[in-house]
Protein chains: 2
Amino acid sequence: MSQDRIQLESSVGYLLKEASSSLRAAMEAVLRPLDMTVTHYSCLELLAQRPGLSNSDLARGAFVTRQSMNVLLHALERDGSVTRPAQAPAGRTLPVTLTPLGRRRLEQASAAVRSVEARMLRGMTPQEQSDAFRVLQGMVRSLRENDVPNGQG
Amino acid sequence: MSQDRIQLESSVGYLLKEASSSLRAAMEAVLRPLDMTVTHYSCLELLAQRPGLSNSDLARGAFVTRQSMNVLLHALERDGSVTRPAQAPAGRTLPVTLTPLGRRRLEQASAAVRSVEARMLRGMTPQEQSDAFRVLQGMVRSLRENDVPNGQG
DNA sequence: GACTGTATGTCAGAATTCTGACATGAGTCA
DNA sequence: TGACTCATGTCAGAATTCTGACATACAGTC
């Protein structure tokens, strides 16, 4: 029975979870002084790169449900970091855009997060970094093949 | 969905989050029919490999706070999957152990999770798998160096 | 022995995220 | 046109996890 047991410490899945957890903790640590969470930052970063993304787009990009992203967007609107039109220009999707304030907030957060990523990648050669990239992409692709994209509801 | 500036998508940190999120989603999908969550499964797996781990040990191993692990352990005790002595044999740590029922539940879950991990690793050569292992370990080590182990309180 | 630092288990409350459900808009096809 | 499918935004409630705080236990130091 326990012959085929997954050895957690030697499991790539476990290590993936550990690495992701460590990265998230490190990001939270540097974002906390800015009163930002990781999802918070991810949302702003996505918007800076692709202005006009919808709530659902942002949810997929930040790996949360669109309901969670919606409450975050409401907070960001109250905060003055983003804006959404009162009415949808087409269909039901409301394009979200950064305000100048949101852009300033993002600049601070981005600098902090860059330092974390740099720390994570230090000690890795460019070759190893591209290995990491390729390997992680392969994992995502394999896992996505039999799965619904972002099933909910 | 235009894609001019893709900085996030080319970030190893983002890809790490994506891979971890995909893995978690895939695990949740196969564990749901068994009425188990990922943390649930992680706890049982850890206990199978190291019987007698404490609540805090399990929390660290499952990457949650010891408060969260505590509520999970209470549920598992009610469920009859694990047991804890009423009094600590030494110090304050209460060693947790799997019951036969917990072991059976774990067997089912373990089989399901193995299939997910196999799917994730398919298409990767043994060389690539060991690359992934080494690279992820390096990331964890770099991130941990300036961080508290499991700071809380 | 007394003190300090660290780690544990636990309680209480808050914050975050999720599941379920509904109505709306767009695209497809007969 | 009408039926069907799919995606979106949103509301409501539940579940999960976290933060803050407290008392206890052990190891080390003075």
Side-chain angles (χ1 to χ4, degrees), chain A residues 17 20-21 24-25 27-29 31-33 35-43 52-79 82-96 148-153, chain B residues 1 17 20-21 24-25 27-29 31-33 35-43 52-79 82-96 147-153:
Chain A
K17 191 175 174 183
S20 177
S21 175
R24 168 171 277 265
M27 287 176 69
E28 279 171 352
L31 288 176
R32 190 182 314 268
D35 272 316
M36 266 198 222
T37 67
V38 175
T39 310
H40 201 122
Y41 158 74
S42 301
C43 177
L53 280 188
S54 71
N55 175 34
S56 291
D57 290 332
L58 292 167
R60 275 188 292 269
F63 311 109
V64 296
T65 62
R66 61 187 198 272
Q67 291 91 333
S68 297
M69 182 54 71
N70 202 24
V71 313
L72 173 60
L73 281 181
H74 278 300
L76 288 175
E77 278 185 301
R78 262 199 315 276
D79 186 51
V82 306
T83 47
R84 275 194 288 186
Q87 267 202 336
R92 300 202 71 195
T93 70
L94 292 171
V96 186
V148 289
N150 196 359
Q152 186 279 131
Chain B
M1 284 311 215
K17 189 175 175 183
S20 178
S21 175
R24 170 171 274 265
M27 287 177 68
E28 278 170 353
L31 289 175
R32 191 181 313 268
D35 274 316
M36 265 198 221
T37 66
V38 174
T39 309
H40 200 124
Y41 158 75
S42 301
C43 176
L53 280 187
S54 71
N55 175 33
S56 290
D57 290 332
L58 292 168
R60 276 187 291 269
F63 310 108
V64 296
T65 62
R66 60 187 199 271
Q67 291 90 332
S68 297
M69 183 53 71
N70 202 24
V71 313
L72 173 60
L73 280 180
H74 278 301
L76 288 174
E77 278 184 302
R78 263 199 314 276
D79 186 51
V82 307
T83 47
R84 275 195 287 187
Q87 267 203 335
R92 300 202 71 193
T93 71
L94 292 170
V96 186
D147 251 16
V148 288
N150 197 0
Q152 185 277 132

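Whole-Å rounding puts the B/L73 CG to C/dT10 C1' distance at 12 Å. Per the geometry, NE2 belonging to A/H74 stands 7 Å off C1' belonging to D/dT10, to the nearest Å. When rounded to the nearest whole Å, the span between CD of B/E77 and C1' of C/dT10 equals 13 Å. Distance CG (B/L53) to C1' (C/dG9): 16 Å, rounded to an integer number of Å. Separating the CG atom of A/D35 from the P atom of C/dA15 is a distance of 13 Å, rounded to the nearest angstrom. B/L58 places its CG atom 16 Å from the C1' atom of C/dT10, with the value rounded to the nearest Å. C/dT16 atom P lies 10 Å from atom NE2 of A/H40, rounded to whole Å. Straight-line distance from the CZ atom of B/R24 to the P atom of C/dT17: 13 Å, rounded to whole Å.
Taken to the nearest 0.5 Å, the CE atom of A/M36 stands 10.5 Å off from the SG atom of A/C43. Summarising the geometry, atom CZ belonging to A/R24 is positioned 5.0 Å from atom OG1 belonging to A/T39; distances are rounded to the nearest 0.5 Å. B/L94 CG to B/T83 OG1: the interatomic distance, rounded to the nearest 0.5 Å, is 11.0 Å. Atom-to-atom distance recorded for A/S56:OG and A/R92:CZ is 10.0 Å, nearest 0.5 angstrom. Once rounded to the nearest 0.5 Å, the distance linking CG of B/D79 with CG of B/L73 reads 12.0 Å.
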- Let me see the working for B/H40 and B/L31 under side-chain contact (heavy atoms from CB on, under 4.5 Å), right down to the final yes or no. CA-CA 10 Å; B/H40 200 124; B/L31 289 175; over 6 Å; no
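Ranking D/dT19, D/dT10, C/dC18 by closeness to the A/R66 side chain, first place goes to D/dT10. You'll find that the side chain of A/T39 is closest to C/dT17, out of D/dT19, D/dG9, C/dT17. Looking at the side chain of B/N70, the nearest of the listed nucleotides D/dG9, D/dT17, C/dT10 is C/dT10. The side chain of B/L94 has C/dG9 as its nearest neighbour among C/dT17, C/dG9, C/dT8. Of all nucleotides listed (D/dT8, C/dG9, C/dT19), C/dG9 comes nearest to the side chain of B/R92.
Between A/R84 and D/dT8 there is no side-chain polar atom (N or O) within less than 4.0 angstrom of OP1 or OP2. Distances shown here put a side-chain N or O of B/S56 below 4.0 Å from the OP1 or OP2 atom of C/dG9.
Residue-level contact check: A/T37 touches neither bases nor backbone, having no heavy atom under 4.0 Å from any strand.
Of the residues A/N70, A/V71, A/T65, the one that meets the side-chain contact (heavy atoms from CB on, under 4.5 Å) test with A/Q67 is A/T65.
When the nearest nucleotides of DNA chain D are assigned to B/S68 and A/N55 by heavy-atom distance, the more 5′-ward of the two goes with A/N55. Closest-nucleotide positions on DNA chain D for A/E28 and A/S54 were compared, and the one nearer the 5' end corresponds to A/S54.
Under a 3.5 Å cut-off, the side chain of A/N55 and the backbone N or O of A/R66 do form a donor-acceptor pair.
One end of the helix from C/dG1-D/dC30 to C/dA30-D/dT1 points its axis 30° away from the other end's axis, with each axis taken from 5 pairs and the angle rounded to 10°.
In the interface, the side chain of A/Q67 is paired with the base of C/dG20 through a donor and an acceptor atom under 3.5 Å apart.
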